[in-house]
Amino acid sequence: SSGINAEYGDEVGYVTASRTRQNANGGRSGYECPEERDYYPYWAPTLQTENWDSTSQRTPWIDAAWLGNPSKCTWMKQASFNRKASFRCVLSKEDDKRKYGKSITKADCTKEGGSWVKFNSFLEVLTDVTTEADCKVTAKSQGDNNIIWDKLRSDDDSKVCIVQAPTMQCRQAPWTRVNHLGNADNYDNQNPNASRIELDLPYFPSGEAKRCVLRIRYNISTGDYNGWKTDASSNNDDDVISNNPTIDVFGDGNGITLALNTAQTGRVFQDRSHVFEILPRTEAMEGKTMYNLNVMGKRGNLEQTVPSTEYDFVPSSLAITTDDLVHVQWTGSNTHNNNNDGNAGEGTDGTDRHNLMQMSGDISGSYPYTIEEANFWNNVESLTDPEATGVDIAIGLASSGHYCAKSGTDICPASESLDEKETKMDDKMNNAPASYSGHVLKFKKACSINYLCTRNNSFSNRSQKGSIWVRESSKAEVKKRAEMKDKSEMK
């Protein structure tokens, strides 16, 4: 593209979006666009398909959060494609296929003979809302989403009801020790913890299941020049910064060379491996805050897992009310490729297994209650399997779904239950599922639990434990006081 991303524009002219200052050889990983990765906010729309797909509704990349200097938050939110339309140069439209130009400014696009087309970002398109009036009615019932009646791109023939994503979160990045990808000064007063941010999943008014990808990027920039005011016009300008310069520090002509690679002085790293699905809520879940209780880390010991971490529950401490819900679930693998250098742990090499059982003492212990002894599960009900008893829930969580209940429910086939399943679970859980969709739990009253994973919690090696504290919601407390008052007056 031409413009600020034209790394060698004055010398060789047009440079494709696969080449940037830090990516001069044009190499790509998967389907990434190096230029879009390295420059944020990007100047072009992040949905690059020829036509919008009304069936799968592949969306642009949505900004969930930006962590950095808070003084930049107002500008970042305004520049985000979540709400701000982006433009692209379109040269022609033939047989429903668009040919795009290389220009990134309206003036250059005109010179190129193209049309400067506006693209609206979208979370989804409500295909069953077919009039502007109905779209406005739908918009009034929404919370954080923005719903507009407009064209997805200005060269389309008709308007549709567009759901735009919420404004992204913007806050100061957590502080960590230099040269250390470890614990950070987070925002939840639960230090020390790995760097984290709590995100709300997007809400889709259509109520349809959505398959999503989470992309995480981080930037490291030098203080040798002002990155906010420096662009490609400074390329090869030694007055701004030099590549591996030699400094005559002694004044005798014998210099000292600095390890200063200018391809790295403003560097973006990307992790794009997180795929998940958002399922529609049931009626019983509507209007509730739902927390995701999951597992982080990987198989191996402390040294083998760097720069990741060993297994742990996340969040490992959760304080909620009886109005809230908790979805207990986790994912794992049976095919780790650790080159025999990351298999420290229990059970079969190269495999993940997790379970969750109530502890028999405080968080410093190592033993779980048996299913019969565990009393916490009398306080919960499952909104994903309403027929499940507390014992059924406890059995499912203890076996990672190898047994889905004690004797079977509408959701759990009897043949997969503890009472009737022919294949009994291995004592190391080797034949249990690596991933488990778990239960969405509702709490009947105030209660608490300390829990652990029996396979991975290995004293002196790793701790995989957690705690949940549930207090009465304000509405429940008011109701309880009213009932107590009524009983007192009856006496």
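What you see below is based on every heavy atom in this structure, not just the backbone, and it leaves out hydrogens, waters and symmetry mates.
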Tell me whether Glu416 is salt-bridged to Lys421, with the criterion being a basic N under 4.0 Å from an acidic carboxylate O. yes
Glu387 and Lys406: salt bridge (charged side-chain N to carboxylate O under 4.0 Å, His left out), yes or no, with the steps? CA-CA 12 Å; Glu387 273 196 355; Lys406 186 177 187 304; over 6 Å; no
Who passes side-chain hydrogen bond (donor to acceptor under 3.5 Å, both in side chains) against Asn355, sequence neighbours left out? Thr454
What pairs meet the salt bridge (charged side-chain N to carboxylate O under 4.0 Å, His left out) rule with one or both residues in residues 445-469, with sequence neighbours excluded? Glu310-Arg462
Sequence neighbours excluded, which residues qualify as side-chain contact (heavy atoms from CB on, under 4.5 Å) partners of Asn243? Asn261, Thr262
Please confirm whether the ring centroid of His354 lies under 6.0 Å from the ring centroid of Tyr436. no
Would you indicate whether the side-chain heavy atoms of Phe276 and Leu201 approach each other to under 4.5 Å? yes
So the disulfide (SG to SG under 2.5 Å) pairs with at least one residue in residues 361-443 (sequence neighbours excluded) are Cys404-Cys412
Whether over 12 other heavy atoms sit under 6.0 Å from Lys84 NZ: no
Counting neighbours of CD on Glu372 that are heavy atoms of other residues, nucleotides or ligands and sit closer than 6.0 Å, is the number greater than 12? no
Over 12 non-hydrogen atoms of neighbours within 6.0 angstrom of CD in Glu303: no
Please, which pairs that meet salt bridge (charged side-chain N to carboxylate O under 4.0 Å, His left out) have at least one residue in residues 69-83, sequence neighbours excluded? none
Identify, with sequence neighbours excluded, every residue that meets side-chain contact (heavy atoms from CB on, under 4.5 Å) alongside Pro205. Glu124, Leu126, Gln142, Asn145, Val163, Tyr203
In terms of side-chain geometry, is the basic nitrogen of Glu36 or Arg217 positioned less than 4.0 Å from the acidic oxygen of its partner? yes
